[in-house]
Trainee: 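Below you will find the structure I want to go over with you.
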Number of protein chains: 2
Amino acid sequence: MKRLRVGLAQINATVGDFEANVAKILDGIERARSLGCALVAFPELAIPGYPPEDLVFKPAFIDANLKSMAEVARASRGLTVIVGFVDKRDDLFNAAAILHDGTLAGVYHKQYLPNYGVFDENRYYQAGRESPVFQLGDVTFAVNVCEDIWYPAGPTTVQAMAGAELIVNINASPFHAGKASFRERMVATRAADDLVCVAYVNMVGGQDELVFDGSSMIVDQRGECLVRGRAFEEDFVAADLDLDAVFHARVRDPRRRREQLAAETSAPRIALTPAAAAPTGPPLPPRLVAPLSRVEETFRALVLGTHDYVRKNGFKRVAVGLSGGIDSSLVAAVAVEALGRENVTGVTMPSPYSSAGTRRDARKLAKNLGVDFLSLPITPIMRGFTRALAEPFKGVKTDVTEENLQARIRGNLLMALSNKFGWLILTTGNKSEIAVGYSTLYGDMAGGFAVIKDVPKTHVYELCALVNERAGREVIPQSVFDRAPSAELREDQCDQDTLPPYPELDAILEFYVEEDRSVAEIIARGFPSEIVRKVVRMVDKNEYKRRQGPIGVKITPRAFGRDWRLPIVNRFQDT
Amino acid sequence: MKRLRVGLAQINATVGDFEANVAKILDGIERARSLGCALVAFPELAIPGYPPEDLVFKPAFIDANLKSMAEVARASRGLTVIVGFVDKRDDLFNAAAILHDGTLAGVYHKQYLPNYGVFDENRYYQAGRESPVFQLGDVTFAVNVCEDIWYPAGPTTVQAMAGAELIVNINASPFHAGKASFRERMVATRAADDLVCVAYVNMVGGQDELVFDGSSMIVDQRGECLVRGRAFEEDFVAADLDLDAVFHARVRDPRRRREQLAAETSAPRIALTPAAAAPTGPPLPPRLVAPLSRVEETFRALVLGTHDYVRKNGFKRVAVGLSGGIDSSLVAAVAVEALGRENVTGVTMPSPYSSAGTRRDARKLAKNLGVDFLSLPITPIMRGFTRALAEPFKGVKTDVTEENLQARIRGNLLMALSNKFGWLILTTGNKSEIAVGYSTLYGDMAGGFAVIKDVPKTHVYELCALVNERAGREVIPQSVFDRAPSAELREDQCDQDTLPPYPELDAILEFYVEEDRSVAEIIARGFPSEIVRKVVRMVDKNEYKRRQGPIGVKITPRAFGRDWRLPIVNRFQDT
């Protein structure tokens with residue numbers, strides 16, 4: 001039997017941390033060696049980290065990346081290693097190095113550069129034009145990068161036609177809820193269409209607003225998944241490919257053979273001498289990590305995104321303002337899961353408008369989570385501001401100004417704790433609020449990381465239920481779920497005084513924000529026209545707030561972040 | 001003599017304000033008619049405004065843009081009108097409509113889509129592939145868009161070879177200091193190279209961080225400027241082109257005629273029936289608005305950018321925190337120039353660390369500018385915070401926390417005024433401070449627009465000198481120039497305690513921020529290595545602050561804004 005043992009090292013690289021990234025890659029190579037893999041692959045831009053953005057314009061950054069690649073090349077003795085780096089020729093390329101037995105045997109340049117959504121790759125790289133295949137003894141394989149495999153007649157097809165039995169596709173594919181299953185279906189279809197095995201390795205970890213979910217996989221020429229790695233943590237997956245099966249599938253496909261002959265003559269072909277003997281003994285057993293539910297994967301993404309933002313920025317501890325509401329409860333629970341309860345401080349900052357119920361729940365939550373708890377009443381500071389502003393505000397009515405002041409006093413107190421103790425502040429605004437501007441700039445929006453900024457309010461409840469379910473106890477008090485949402489910035493305030501009910505709001509926001517639907521289209525779905533117009537206007541006119549808010553984990557197809565580039569000056573009204 | 005009278009309407013379009021933009025375009029058409037122009041051109045994307053960014057993903061936005069274009073087409077009776085819009089075919093195109101005598105006679109699709117710097121056009125548009133020429137009676141002209149003319153062998157050359165005697169190049173070319181003269185030299189060279197007249201029309205006005213400076217021009221086939229429009233304001237420029245001169249220049253160039261024959265057969269050719277008689281009477285006299293000096297054009301850009309941001313966002317009045325320092329003095333002076341003194345309030349917020357000199361200068365400046373003046377001492381509020389934080393801060397030393405608190409109290413007071421009276425707050429941080437993070441997030445960084453965020457400290461002084469020079473009196477007190485810069489957040493503080501001298505700092509920052517030079521390269525220029533390393537580290541680690549700061553006018557080739565996309569999580573250290 002013609003067999004190839006392939007390993008995929010799903011690592012958590014950090015942008016710009018060449019030393020740490022190389023160390024992880026060398027570990028992966030060792031692991032591959034000990035498992036008897038002939039070939040091991042690492043994610044897209046595993047050496048510099050992904051996405052490096054404008055760092056690639058720094059010559060020193062590119063040089064460090066090339067030096068690191070050379071170091072990995074030297075460590076590849078005895079096997080074939082595929083690793084992502086930035087190649088520098090007459091221009092820069094998002095590239096995969098094919099390292100073989102201690103040297104750089106070849107390079108593949110990514111051909112399809114994504115320049116949509118969160119991606120700006122045309123800003124940085126030249127597109128590749130060649131689809132080489134590599135001959136490793138009697139095995140033919142090819143390499144391509146991320147986006148390349150999403151095109152049905154792209155490099156994967158060309159390389160398979162040119163004889164590749166295995167496509168190694170290296171990725172840094174950012175998470176959104178539901179994407180993993182979509183992606184696996186696509187990879188399986190591609191493999192079955194092209195009668196080729198696909199080894200798909202994905203980055204894992206958080207980088208600013210993006211989370212890479214891992215879930216690497218190896219799929220055979222029938223589209224069957226042989227191995228699926230863990231989501232949201234580092235993993236090493238390996239499988240034995242049965243290449244005789246690929247051959248037999250192909251010879252039964254006459255259309256294929258004709259086209260193959262033409263392609264074979266055009267694709268560059270690079271021969272490598274096998275450095276290791278084929279593995280002996282029984283084939284590796286399949287290992288299929290079960291896929292996660294939508295709410296589980298979202299929770300895991302928030303946890304990993306928060307962990308990596310805090311740690312990769314060199315922080316140890318965080319603080320969260322606890323209002324006794326559902327949003328701050330979720331953020332605190334995510335923080336504890338990500339960083340450990342010893343690294344989280346809950347801060348309550350009651351005002352005269354804080355109810356006994358929310359004060360009690362804030363305290364109870366902190367106790368249930370086992371985190372430090374600080375109470376800093378803001379009433380005396382409020383009085384100080386009122387006095388300072390008495391003169392200019394004379395004869396003017398009380399309005400949202402006084403509400404914002406409370407939120408901003410709280411923001412200042414949290415930032416003072418941050419400055420004094422080096423804690424990173426996690427903000428607690430959800431996507432629904434941020435969309436319509438139901439939040440105070442420099443107030444509840446003040447902080448380093450907005451954990452749930454991409455989580456619609458209705459999903460916040462589901463995630464909180466999951467927190468209690470995972471713990472097997474009532475971590476987040478039931479009363480937090482049951483109470484009507486309120487900012488508690490004036491007497492008897494309730495979110496629903498100003499906003500439509502959250503299920504309706506979230507549905508409208510999904511159409512408007514994620515799908516760019518027009519007002520007419522949304523109304524046609526059965527929503528009241530006045531409410532649709534009001535929501536759309538609120539989203540439009542609060543762009544200035546979002547622009548100054550902290551970043552947070554992207555969990556939907558379109559988050560307020562890199563994929564939301566709306567002007568602030570904008571007179572367009574879709575009516 | 002074969003003559004063509006061409007007009008260029010340099011308008012200030014607003015993104016998404018189709019009604020207002022069309023009204024301006026119809027005015028321009030009337031103006032052209034009354035001047036006897038056969039052809040009139042408007043800027044790139046004059047109909048939707050530029051850059052519309054992700055608004056182009058909204059189907060309702062594209063439809064409104066197409067309807068507006070049809071309205072302009074109907075108004076084109078009796079002449080030829082070139083206007084920028086978003087064309088919708090099988091994809092979206094950044095396009096120029098060639099409107100003739102009431103109908104859409106042709107469309108040109110921009111071929112070179114900028115996707116660098118502040119531009120993301122590959123995100124939105126498909127690139128055009130055709131370089132048509134238009135036959136207007138016995139005159140041959142062609143149209144292309146902005147970036148297209150920057151390429152020496154681009155559409156301009158192809159169209160001139162195919163017989164075009166005039167290239168109408170429509171633009172939305174953002175300002176930076178020194179760009180206007182660079183651009184004029186390029187246009188003149190292109191005209192002389194291709195023996196073609198070039199009518200270059202540029203947008204004018206502010207859009208978020210960008211300012212378009214106008215300075216439209218018409219250049220003849222020798223590269224001589226026949227007319228140059230005003231900078232930083234709307235203008236209409238017109239010239240009579242002597243097309244016999246183009247012919248005579250070409251017949252003397254035998255190389256050209258050979259290539260021309262080949263090109264002529266391939267370029268699509270669209271015939272238009274002249275709708276108006278050629279102008280009679282004497283040719284229009286030349287009008288060459290004098291170019292501005294660097295410091296003048298920078299000042300004008302700040303003024304226009306501020307005016308348009310404030311007004312296009314629907315604000316009437318602004319407030320500026322006056323510290324008595326040089327930065328806030330400049331911002332207040334720009335605000336007065338942009339909005340009128342009746343629309344500016346200066347707010348001083350003294351603390352125990354505010355010196356008698358700065359208190360006096362703040363008041364004096366407000367008086368000299370003739371603006372409203374408010375004084376809101378912050379000492380009692382500081383005491384309130386100190387008390388609220390007494391418990392958690394027990395036994396911990398005083399540090400930068402207390403300094404930031406003062407800045408944040410001031411930010412809160414300004415925002416309270418903003419909320420109560422609807423004033424937009426202008427922040428006062430300069431580029432040098434923002435680069436190294438010498439500023440307080442939610443403190444002095446709190447506000448809607450950061451007027452001088454792209455102005456290095458050393459240039460702030462030059463601009464302040466210009467303010468006094470323009471006024472012919474000491475608007476900004478001399479003592480403000482003479483005093484050593486200080487944040488006045490603790491006893492005897494001075495910027496130079498923590499930062500290198502500003503001339504040295506600004507030079508290092510220019511190399512690092514604008515030119516992406518490595519530490520080694522900057523040291524090689526003669527700067528002390530310790531200082532270079534310190535500055536670079538400060539720039540790198542303050543990315544999180546910049547990400548949450550307000551936008552402001554771009555005046556250098558690379559501002560902290562759309563053209564600065566650095567990750568926050570970034571472990572790279574260039575050492």
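From a predicted model like this one, the values you see are computed outputs, not experimental measurements. Chain naming here is simple, since letters A, B, ... match the order of the sequence lines and numbering starts at 1 in each.
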Trainee: Is the backbone of Lys312(B) close enough, under 3.5 Å, to the side chain of Arg571(A) for a donor and an acceptor to pair up by distance?
Mentor: yes
Trainee: Under 4.5 Å from any heavy atom of chain B, what part of Arg387(A) do you find: side chain, backbone, both or neither?
Mentor: neither
Trainee: Using a cut-off of under 4.5 Å for heavy-atom pairs, which of Asn412(B), Asp563(B), Leu374(B), Asp574(B) has the most such pairs with chain A?
Mentor: Asn412(B)
Trainee: Counting heavy-atom pairs closer than 4.5 Å to chain A, which one of Pro380(B), Pro392(B), Gly411(B), Gly206(B) comes out on top?
Mentor: Pro392(B)
Trainee: Salt-bridge test for Lys58(B) and Asp540(A): reply yes if a basic N is under 4.0 Å from a carboxylate O, no otherwise.
Mentor: no
Trainee: Would you indicate whether the side-chain heavy atoms of Lys420(A) and Val396(B) approach each other to under 4.5 Å?
Mentor: yes
Trainee: Using modelled atom types only, decide if a donor and an acceptor are shared between the side chain of Asn122(A) and the backbone of Asn122(B) within a distance under 3.5 Å.
Mentor: no
Trainee: Please identify, among Tyr309(B), Phe119(B), Phe18(B), the residue contributing the most non-hydrogen atom pairs under 4.5 Å to chain A.
Mentor: Tyr309(B)
Trainee: Given that the side chain runs from C-beta out, which part of Met349(A) has a heavy atom under 4.5 Å from chain B: side chain, backbone, both or neither?
Mentor: neither
Trainee: Is any side-chain heavy atom of Ile381(A) closer than 4.5 Å to a side-chain heavy atom of Phe385(B)?
Mentor: yes
Trainee: Given Arg408(A) and Asn419(B), is the side chain to side chain donor-acceptor pair (under 3.5 Å) satisfied, shown in steps?
Mentor: CA-CA 12 Å; Arg408(A) 292 196 179 112; Asn419(B) 286 161; 3.2 Å; yes
Trainee: Just give me the residue among Asp63(B), Leu376(B), Asp399(B), Ile551(B) that pairs up with chain A most often, heavy atom to heavy atom, under 4.5 Å.
Mentor: Asp399(B)
Trainee: Which answer fits Arg311(A), side chain, backbone, both or neither, if we ask what part of it has an atom under 4.5 Å from a heavy atom of chain B?
Mentor: backbone
Trainee: Under 4.5 Å from any heavy atom of chain B, what part of Glu19(A) do you find: side chain, backbone, both or neither?
Mentor: neither
Trainee: Restricting to non-hydrogen atoms, name the atom on Leu389(B) and the atom on Ala416(A) that form the minimum distance, rounded to 0.1 Å.
Mentor: CD1-CB, 3.7 Å
Trainee: Looking only at heavy atoms, which two atoms of Gln548(A) and Gly447(B) are closest? And how far apart?
Mentor: NE2-O, 2.9 Å
Trainee: Side chains of Arg123(A) and Arg565(B): does their closest heavy-atom pair fall under 4.5 Å?
Mentor: yes
Trainee: Count the heavy-atom pairs under 4.5 Å between each of Pro377(B), Gly549(B), Pro550(B) and chain A, then report the option with the highest count.
Mentor: Pro550(B)
Trainee: If you apply the rule side chain to side chain donor-acceptor pair (under 3.5 Å), what do you find for Asn115(B) with Asn115(A), and how did you get there?
Mentor: CA-CA 9 Å; Asn115(B) 202 72; Asn115(A) 202 72; 3.2 Å; yes
Trainee: Answer yes or no: is there an ion pair linking Asp54(B) with Arg558(A), defined by an N-O contact shorter than 4.0 Å?
Mentor: yes
Trainee: Is any side-chain heavy atom of Asp308(B) closer than 4.5 Å to a side-chain heavy atom of Val569(A)?
Mentor: no
Trainee: Specify which of Val400(B), Leu441(B), Leu417(B) makes the most heavy-atom pairs with chain A at under 4.5 Å.
Mentor: Leu417(B)
Trainee: Considering only heavy atoms, which portion of Pro114(A) lies under 4.5 Å from any heavy atom of chain B: side chain, backbone, both, or neither?
Mentor: neither
Trainee: Are the ring centres of Phe393(B) and Phe421(A) closer than 6.0 Å?
Mentor: yes
Trainee: Going from CG on Leu413(A) to CG on Leu405(B), what distance comes out if it is rounded to the nearest 0.5 angstrom?
Mentor: 7.5 Å
Trainee: For each of Glu391(A), Gln573(A), Glu402(A), tally heavy-atom pairs with chain B at distances under 4.5 Å, and name the one with the top tally.
Mentor: Glu402(A)
Trainee: Where on Tyr116(A) is there a heavy atom nearer than 4.5 Å to chain B: the side chain, the backbone, both, or neither?
Mentor: backbone
Trainee: Tell me the residues of residues 513-522 of chain B whose non-hydrogen atoms fall below 4.5 Å from those of chain A, in number order.
Mentor: Asp516(B), Ser518(B)
Trainee: How many angstroms lie between OH in Tyr544(B) and CG in Asp208(A), if you round to the nearest 0.5 Å?
Mentor: 14.0 Å
